Amino acid sequence: MIVKIHKSERRNIVSICDEELIGKKFEEDSMQLDVSEIFYRGERMSDKDVLNTVREADSLNIVGKNSIRFALKNNLIEKENIIRIKKIPHAITLLK
């Protein structure tokens, strides 16, 4: 998984993504998922490091089958909050 931390004065947003999706765009009906390099290109992390990083997050933005599977397994997201665009799973959740 590739993880990038976006810090601002009030919030920490953590993006978690399957590496092979970075730089791609998916469109279906009126929905669009842009897995941009700027937002998602971070560093490759182990499961343990991802969980440590998530502890400091206010929200998560997760894209890809492996990343979503990891988030579900670790109770970071609810299954009903997952959307799919061109069969690519995506979830956004607020933690704090």
Side-chain angles (χ1 to χ4, degrees):
M1 288 176 290
I2 301 296
V3 177
K4 186 167 183 181
I5 303 165
H6 304 272
K7 292 185 178 190
S8 70
E9 288 181 24
R10 297 185 298 177
R11 301 187 61 82
N12 286 335
I13 300 170
V14 174
S15 63
I16 304 170
C17 185
D18 292 4
E19 187 169 14
E20 69 273 7
L21 298 177
I22 295 174
K24 296 182 179 178
K25 188 182 284 190
F26 305 92
E27 294 182 29
E28 184 174 344
D29 300 323
S30 64
M31 297 186 296
Q32 179 178 324
L33 175 59
D34 186 357
V35 191
S36 69
E37 293 267 348
I38 291 171
F39 192 80
Y40 289 97
R41 176 68 69 196
E43 63 180 277
R44 189 175 292 118
M45 288 190 183
S46 68
D47 291 0
K48 180 182 174 185
D49 289 339
V50 173
L51 289 174
N52 286 333
T53 300
V54 165
R55 279 193 237 156
E56 302 298 319
D58 296 299
S59 67
L60 302 175
N61 191 316
I62 306 165
V63 178
K65 292 177 184 175
N66 295 326
S67 297
I68 290 288
R69 189 177 311 118
F70 171 83
L72 285 168
K73 176 182 161 190
N74 289 284
N75 299 311
L76 301 175
I77 58 171
E78 304 276 333
K79 193 171 187 172
E80 57 269 8
N81 293 330
I82 301 169
I83 63 168
R84 285 180 172 69
I85 301 173
K86 289 287 187 178
K87 299 183 181 179
I88 304 298
H90 177 244
I92 297 173
T93 189
L94 296 175
L95 301 172
K96 298 179 182 177

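This one's a predicted model, so the numbers in the text were calculated from it and none came from an experiment. Computed from heavy atoms alone, side chains included, the values below leave out hydrogens, waters and symmetry copies.
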Requested in this report: Ignoring hydrogens and angles, state whether a donor on the side chain of Asp18 or Ser67 is under 3.5 Å from an acceptor on the partner side chain.
Outcome: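 Yes - a donor-acceptor pair under 3.5 Å links their side chains.
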If hydrophobic clusters are built from ILVMFWY residues whose side chains come within less than 4.5 Å, do [X] and [Y] share one?
X     : Y     : value
Ile68 : Leu76 : yes
Ile2  : Ile5  : no
Leu72 : Leu21 : no
Val50 : Ile92 : no

Using a 4.5 Å cut-off on heavy atoms from C-beta on, say whether the side chain of [Y] contacts that of [X].
X     : Y     : result
Glu78 : Asn81 : yes
Glu80 : Ile82 : no
Val14 : Asn61 : no

Requested in this report: Please collect all ring pair (Phe, Tyr, Trp, His ring centres under 6.0 Å) contacts where either partner lies in residues 60-82, sequence neighbours excluded, each pair once.
Outcome: none
Query - Pair listing, ring pair (Phe, Tyr, Trp, His ring centres under 6.0 Å) test, anchored in residues 27-51, at least two apart - result: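 Applying ring pair (Phe, Tyr, Trp, His ring centres under 6.0 Å) to every pair that reaches into residues 27-51, excluding sequence neighbours, yields His6-Phe39.
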Atom pair [atom1] ([X]) and [atom2] ([Y]), whose distance is rounded to the nearest 0.5 Å:
X     : Y     : atom1 : atom2 : answer
Ile85 : Phe26 : CD1   : CZ    : 9.5 Å
Ile62 : His90 : CD1   : NE2   : 8.5 Å
Ile88 : Lys24 : CD1   : NZ    : 8.0 Å

Report task. Run through Asn12, Leu95, Ile13 and flag the one making a side chain to side chain contact (heavy atoms under 4.5 Å, CB included) with Leu60. Result -> Leu95
Query - Residue of the set Cys17, Pro89, Ser15 for which side chain to side chain contact (heavy atoms under 4.5 Å, CB included) holds with Val63 - result: Cys17
Query raised in the report: If you count the non-hydrogen atoms of other residues, nucleotides and ligands that lie under 6.0 Å from CD in Glu9, is the total more than 12?
Result: no
Requested in this report: Provide the closest heavy-atom pair for Arg11 versus Asp58 in the form atom of the first, atom of the second, distance.
Outcome: CA-OD2, 3.1 Å
Query - Shortest non-hydrogen contact from Met1 toward Ile16 - result: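 Answer, listing the atom of Met1 first, then Ile16: SD-CG2, 3.8 Å.
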**Report entry** Residue pair Lys25, Val35: steps toward the side chain to side chain contact (heavy atoms under 4.5 Å, CB included) verdict
**Finding:** CA-CA 6 Å; Lys25 188 182 284 190; Val35 191; over 6 Å; no
Report task. List the steps, then state whether salt bridge (Lys or Arg N to Asp or Glu O under 4.0 Å) holds for Arg41 with Glu19. Result -> CA-CA 8 Å; Arg41 176 68 69 196; Glu19 187 169 14; 3.7 Å; yes
Query raised in the report: So, Glu28 side chain and Lys86 main chain: donor-acceptor pair closer than 3.5 Å or not?
Result: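 Yes, the answer is positive, given that a donor and an acceptor are paired below the 3.5 Å cut-off.
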